Every structure is written in C-alpha cells, then in structure tokens.
Amino acid sequence: DEPAKTDFTELKGTATARNGLIENRDLVLQSPLLRVDGAGNANLVNEQVDYLIKAKLVASLKGEGGSSMGKLAGVPIPIRVTGNFNQPKYSVDLKQILTETQKAKIDEKKKQLEDKYRNKLQDKLKGLFGK
C-alpha cells in the first residue's frame with residue numbers, strides 16, 4: 001500500500017541566481033542503487049530548463065557479495081532535460097552510453113595485458129639477475 005518512491009541517502013549541490021537564471025554545476029544524488037550527478041540551468045523568466053543528468057547504477061545492492069546489476073553498472077547514463085517547465089523533454093544520449101561501455105571494456109583489456117606482460121617481464125628480469 002506504500003506509494004512508489006525512491007529513497008535518497010544524499011542530496012547536495014549549490015546554485016547561483018542572477019537575473020532569473022538559476023545555475024547549478026554540482027548536483028549529487030545518491031540512493032542505494034543509483035548515483036546521480038547533474039549540471040545545468042533553469043530560466044525562471046522564460047520557464048525553460050536545460051539540464052544534464054548523469055545517472056549510474058550501483059553494481060550491487062548487497063556490496064561485493066551481491067548479484068550484479070549487469071553491464072550498465074557504473075556506466076554513466078546521460079539524460080538531457082530541456083524545454084519548458086510544464087512539458088519538459090527528456091532524451092538519453094545512447095551514443096555516449098555505448099562509447100563509455102566500449103571505453104570500459106578497452107580499459108579492462110588494457111589492464112589485463114599490462115598485468116600479463118608485467119609478470120612476464122618480472123620473470124625475465126629475475127632470470128637475468130639470478131634472483
């Protein structure tokens with residue numbers, strides 16, 4: 001019977017207001033399964049918003065031993081909010097999601113190769129110096 005809601009453990013950010021324009025560059029929202037950063041502005045005179053939210057899924061609710069949230073865990077999901085206050089428009093930048101996902105895969109492969117060749121180099125140096 002409870003209403004659908006998201007409990008956030010942290011909400012912080014600063015804003016400046018000048019000539020009817022509210023600007024924020026450091027929004028932080030955290031919940032058990034979600035981390036959100038945001039930046040943008042709202043024009044109170046024109047009732048327009050232009051805001052970018054980057055949401056990341058947490059890998060697991062239970063910490064290291066819990067089940068995985070899938071391949072999108074930790075990948076920023078950029079959501080652009082634009083338009084007027086009464087009917088804002090939302091869009092997701094799929095290209096950026098795919099780029100971040102591929103970048104994460106490349107970084108992981110690079111780390112694996114560095115570890116592999118570091119171990120081989122250490123073995124060769126041990127043989128060379130007799131230690």
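It should be emphasised that the depicted structure is a prediction, and the values quoted were computed from it without experimental measurement.
- Remark: K116 does not engage E114 in a salt bridge, criterion side-chain N to carboxylate O under 4.0 Å.
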Acceptor/donor pairs from residues 75-91 side chains to any protein atom, 3.5 angstrom cut, sequence neighbours excluded:
unit_1	atom_1	unit_2	atom_2	d
R80	NH1	D50	OD1	2.9
N84	OD1	N86	N	3.0
N84	OD1	Q87	N	2.6

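- A chain of hydrophobic side-chain contacts below 4.5 Å, direct or via other Ile, Leu, Val, Met, Phe, Trp or Tyr residues, connects V92 to L57.
- Interatomic distance, E23 CD to Y51 OH, rounded to the nearest 0.5 Å: 10.0 Å.
- Of all non-hydrogen atoms in N24 and T14, the two that sit nearest each other are ND2-O, 2.6 Å.
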> Should K110 and E108 be marked as a salt bridge (Lys or Arg N to Asp or Glu O under 4.0 Å) after you check the CA-CA gap, both sets of side-chain angles, and the distance that decides it?
Replying inline: CA-CA 5 Å; K110 179 181 170 185; E108 178 60 30; over 6 Å; no

Donor-acceptor pairs under 3.5 Å, side chain of residues 33-45 to any protein atom, not counting sequence neighbours: which ones?
unit_1	atom_1	unit_2	atom_2	d
R35	NH1	S31	O	2.3
N43	OD1	V45	N	3.0
N43	OD1	N46	N	3.0

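- Under the 4.5 Å side-chain contact rule for hydrophobic residues, I22 and V49 share a cluster.
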>> side chain to side chain contact (heavy atoms under 4.5 Å, CB included), that's the test. Do L11 and L27 meet it? Break it down for me.
In response: CA-CA 8 Å; L11 166 61; L27 176 71; 3.7 Å; yes

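- A salt bridge is defined here as a Lys NZ or Arg NE, NH1 or NH2 lying under 4.0 Å from an Asp or Glu carboxylate O, and D115 with R118 meets this definition.
- The two atoms that bring P32 and T9 nearest to each other are CD-CG2, 4.4 Å, heavy atoms only.
- The pair E10-K12 meets the salt-bridge criterion, with a side-chain N (NZ, NE, NH1 or NH2) lying under 4.0 Å from an Asp/Glu carboxylate O.
- Note on L52: it does not cluster hydrophobically with V28, by side-chain heavy-atom contacts below 4.5 Å among ILVMFWY residues.
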